[in-house]
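Here is the structure we will look at.
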Amino acid sequence: MSVYGETNTSPLSYALHLLPKIELHCHMGGTITPKTWAYLAKKNSVSIPGGPADIFSRISSGWPQGFDFSNTKIPMVWHEDPNADRAISLHKVFDWLNACMKDHEDFALVAYECAKDAFEKSNIVYQEVFVGLTNLLTMHGLQYPQIIDGLIDGCQRAEKEFGIKTRLICGISRHFPASVGMQIVDLMIANPRDEVIGIGLDGQETAGAPEHYVEVYRKAQSNGLKTTAHTAEHVPGWENAVTCLEVLQCDRLDHGYFALEDDDAVKKCVDSGIHFTCACTTSRRQWQPWRRASIGKMVELGFNISLCADDPSMFPTTLSREYAVAHEEIGLNAAQMKRIWLAPIEGSWMGDGEKRDLRRQFLQQAEAMKTFENVTYRNGE
Ligand SMILES: [Zn+2]
């Protein structure tokens, strides 16, 4: 029987599906369902170039320029994409989606459904979600409080109904200069909200080197905001991972697969213990086998990773499905899956007390369900 699409559901995958989970990397815009996108477009009289479900099925970003010069040590496998000749870039689809959200109620609806789906489809009890602020603020003339307070209202409604807690990360797109990132950090500082806890560089990685944003990161960090960055995901090279680790001094990193190219970069990532959020499913459909092999290698080499669904509505996937893929397709064993399941508690930006409580609860539930019965528990691990 197949519950998760392309994978067969093993007993461990099903048990992990039932267990509570944490997700530290998904994009609010990437959780909007085709139905809700159609509703928002109609409500706000915005025309979109096709049916939402069809557009999502055609998202497929290609290989970046220069990829052939990569030193990647992971075998490259070309995966046929039946929609390659009709492909639409992920970033283009985000532009279309962003244009359809206009007021407080729109943002509240999107955030509520993001949290509801996370809880109902994958039993996520805590999530840290990116908001694509750069585009919303610069391209559509919206105000920061209008966006953020709408999202917070939706998150709070979902927390009341389902118990899931959502915290927000303001996305800083590298498609824009660092001055725009600085404006976002200034807005966050001028409009503090408990639910908005950090920033994260996102967008197409070839558009802007992370070192351009060092002042933005310093300002965020000196004002108590946490920091992450999408890195070593699109650029064929390990350098951005080390820059984000050592120059931007991020609290955690998103993706990071190209770090595997260089032994020193691997050592720095592993020795620092920095947390990476990794997605088995990607808009670069042709890269998928390489992506999955890279995640397997990262685990084997001792990277501290968790799994994420990134843009679950678009690909489509769920966090539960990402766990199933990691176990059944990548071949991670029960002990590795247990480590990955617990890792985002520590990798999250919640308080120490909350982390301790959640870890205790997670372990109690796993023991009650005998999820990892072949895994030895040591010192409450
Ligand atoms: Zn992402």
Side-chain angles (χ1 to χ4, degrees), residues 21-32 56 59-61 64 88-95 97-98 110-111 114 117-118 122 124 127-136 151 166-176 181 184 197-208 210 213 226-235 240-241 244 248 250-259 274-285 287-288 290-292 294-295 298 303 305-319 321-322 325-326 344 347-349:
K21 285 180 279 302
I22 289 181
E23 186 175 43
L24 303 179
H25 171 183
C26 107
H27 300 266
M28 189 70 78
T31 69
I32 299 174
F56 284 169
I59 295 175
S60 187
S61 308
I88 307 172
S89 142
L90 175 70
H91 302 292
K92 174 58 72 188
V93 176
F94 266 114
D95 286 347
L97 265 169
N98 285 331
V110 166
C114 163
D117 282 353
S122 298
I124 294 172
Q127 58 176 357
E128 292 174 6
V129 180
F130 285 90
V131 181
L133 264 185
T134 326
N135 287 46
L136 290 168
L151 293 170
T166 302
R167 293 292 176 259
L168 303 175
I169 304 168
C170 290
I172 292 186
S173 169
R174 27 172 55 104
H175 300 203
F176 292 79
I184 289 175
I197 56 175
I199 61 165
L201 202 53
D202 60 16
Q204 170 67 36
E205 199 175 350
T206 46
Y213 300 85
K226 298 288 189 182
T227 56
T228 184
H230 285 54
T231 194
E233 178 194 11
H234 308 138
V235 166
N240 281 356
C244 290
L248 298 191
C250 290
D251 296 293
R252 67 169 184 254
L253 298 175
D254 303 302
H255 301 293
Y257 320 107
F258 280 110
I274 190 142
H275 187 99
F276 285 85
T277 62
C278 300
C280 302
T281 309
T282 165
S283 67
R284 286 169 172 70
R285 292 169 204 256
W287 299 45
Q288 209 135 272
W290 172 78
R291 169 73 67 93
R292 293 178 182 181
S294 299
I295 292 172
M298 287 168 85
F303 280 68
I305 78 157
S306 64
L307 296 172
C308 65
D310 212 349
D311 297 304
S313 186
M314 293 176 167
F315 298 159
T317 190
T318 64
L319 185 60
R321 180 176 172 277
E322 295 297 299
V325 169
S348 77
W349 297 336

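Starting from 1, each residue takes its place in the sequence as its number. Side-chain atoms are counted along with the backbone in the values below, which use heavy atoms only and exclude waters and symmetry mates. Atoms within each ligand, like the ligands themselves, are counted from 1 in listed order.
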Point to revise | Side-chain donor-acceptor contact under 3.5 Å, His255 with Asp310 | key: yes
**Study point:** Name, closest N/O/S atom of Asp310 to the Zn ion (ligand 1)
**Key:** OD1
Review point. Going by atom types only, do Ser348 and Arg167 share a side-chain donor-acceptor pair under 3.5 Å?
Key: no
Exercise for review: Tell me, please, if Glu233 has any N/O/S atom, main chain or side chain, under 2.8 Å from the Zn ion (ligand 1)?
Suggested key: no
Practice item. Please check if any side-chain donor atom of Ser306 sits under 3.5 Å from a side-chain acceptor atom of His275, or the reverse. Key: yes
Exercise for review: Could you tell me whether the Zn ion (ligand 1) has an N, O or S atom of His255 under 2.8 Å away?
Suggested key: no
Practice item. Inspect the contact between Glu322 and Lys21 and indicate whether a charged nitrogen and a carboxylate oxygen are less than 4.0 angstrom apart. Key: no
Point to revise | Atom name in His25, limited to N/O/S, at shortest distance from the Zn ion (ligand 1) | key: NE2
Point to revise | the Zn ion (ligand 1) reached by Cys308 (N, O or S, under 2.8 Å) | key: no
**Study point:** Metal site the Zn ion (ligand 1): N/O/S of His230 inside 2.8 Å
**Key:** yes
Review point. Are side-chain N/O atoms of His230 and His25 paired as donor and acceptor at under 3.5 Å?
Key: yes
